[in-house]
Q: 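First the structure, then my questions, so here it is.
When a residue number appears, it is its place in the shown sequence, counting from 1. The analysis underlying the following values was restricted to heavy atoms, covering all of them including side chains, and did not include hydrogens, waters or symmetry mates. Numbering of ligands and ligand atoms starts at 1, following listing order.
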Amino acid sequence: MTSYDDFVRTDGGAVLMDGNRLRDEIVAGIREEIDSLGNPGVCLATVLVGGDRPSQIYVRNKHRKAGEAGMISRHVELPEDATQDDVEHAVRSLADDPEVHGILVQLPLPAGLDAEAVLDLVPPEKDVDGLTERSMGRLVRGRIGHVPCTPLGVMRLLERYGVETSGKNAVVIGRSTLVGLPQVLLFGRKGCDATPTLAHSRTADLAGVCRQADIVVAAAGMARLVTADFVKPGAAVLDVGISRTEAGIVGDVDFDSVQEIAGAITPMPGGTGPMTIGCLMENTLAAARMLGAVPG
Ligand code: NAP
């Protein structure tokens with residue numbers, strides 16, 4: 001494994017938690033493992049409904065990384081006017097196909113489609129996005145299952161960059177089932193042993209709450225919400241938010257001011273985003289293992 005003793009630091013001295021670098025390391029490790037197993041045909045399938053441009057780009061990137069990781073990928077594309085039955089039929093076929101190990105339904109689905117009903121058709125073993133109610137239930141109950149890729153990516157960055165979590169205060173801004181809620185569960189799990197706080201739009205004195213934290217994860221989708229006065233000196237700050245503004249794509253963290261105070265910080269872009277894809281690859285290999293397609 002590459003040593004990170006040569007941590008890159010920002011001008012203000014914070015360790016830069018480089019998601020591109022760690023994702024590449026994860027993908028290369030998976031490729032090595034799949035090659036050593038004789039290329040057993042680990043397969044990730046994606047379902048994309050409609051022509052949403054960012055979703056098309058996300059899906060294309062996932063296929064590219066799956067290829068680099070030595071996986072096979074399959075893609076099902078349905079038109080914007082696909083019916084609920086069409087989408088459910090596509091997902092059911094992939095769920096029944098023994099050669100498919102991971103299924104990712106790209107969200108959001110076009111208006112009028114019931115995403116929950118579609119996700120319900122993904123078996124927990126193949127739910128590499130970790131978003132179905134059964135996967136969330138497994139996470140809450142501490143059973144083996146897939147963890148949502150974005151919060152898992154945050155945990156991988158903390159591990160890789162040696163950020164201590166045990167006994168530390170972690171504040172997560174945002175309470176969605178996609179990011180904030182599973183993030184809090186991961187911080188509170190045995191082995192991680194942080195003390196998490198879940199903040200949201202009704203949290204009183206958000207800056208004061210964040211200043212108590214050793215780790216801040218910002219997943220609100222509010223451009224540059226987290227400024228220097230939110231951050232305790234030396235804290236680790238991880239930016240999940242993505243906002244499209246006139247100045248381009250911006251995170252939840254005001255990087256320039258926060259890097260002067262933080263002990264470690266993710267860049268944006270190049271932090272949590274690539275890690276989401278790296279963890280999708282990790283989950284897909286784990287899915288193949290759960291399904292007995294690769295030795296456990
Ligand atoms: P979401 O469902 O819209 O949830 C946003 C959460 O942030 C809500 O809980 C909301 O509080 C809270 N919030 C909004 N404004 C706030 C404020 N001013 N102060 C405190 N809390 C506030 O969004 P999501 O799906 O979790 O995604 C969050 C962000 O992460 C988005 O920008 C999304 O694009 C990005 N994202 C990035 C990745 C990645 O790979 N980096 C992956 C997924 C999502 P209430 O519940 O009170 O409304």
Q: Partners of S73 by side-chain contact (heavy atoms from CB on, under 4.5 Å), sequence neighbours excluded?
A: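 Partners of S73 under the side-chain contact (heavy atoms from CB on, under 4.5 Å) test: H63, A66.
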Q: Sort and list the pairs that fulfil ring pair (Phe, Tyr, Trp, His ring centres under 6.0 Å) and have at least one residue in residues 110-152, not counting sequence neighbours.
A: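 Checked against ring pair (Phe, Tyr, Trp, His ring centres under 6.0 Å) - neighbours excluded - no pair reaches residues 110-152.
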Q: Side chains of L16 and Q259: closer than 4.5 Å at any heavy-atom pair?
A: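 Sidechains of Q259 and L16: no contact.
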Q: If you define the side chain from C-beta out and look only at heavy atoms, does anything of L152 sit under 4.5 Å from N283?
A: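 Answer yes - side chains close enough.
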Q: Which protein residues have a heavy atom closer than 4.0 Å to any atom of ligand 1, listed by chain and number?
A: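 These residues qualify: T150, I173, G174, R175, S176, L178, V179, H200, S201, L206, A219, A220, G221, M222, L225, V240, G241, I242, T272, G273, T276.
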Q: What are the two closest non-hydrogen atoms of M155 and C192, and how far apart are they?
A: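 Residues M155 and C192, closest heavy atoms: CE-SG, 3.4 Å.
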Q: Tell me, which pairs form a salt bridge (charged side-chain N to carboxylate O under 4.0 Å, His left out) where one or both residues lie in residues 72-94, sequence neighbours left out?
A: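 As it turns out, the salt bridge (charged side-chain N to carboxylate O under 4.0 Å, His left out) pairs with a partner in residues 72-94, which skip direct neighbours, are R74-D97, E88-R92.
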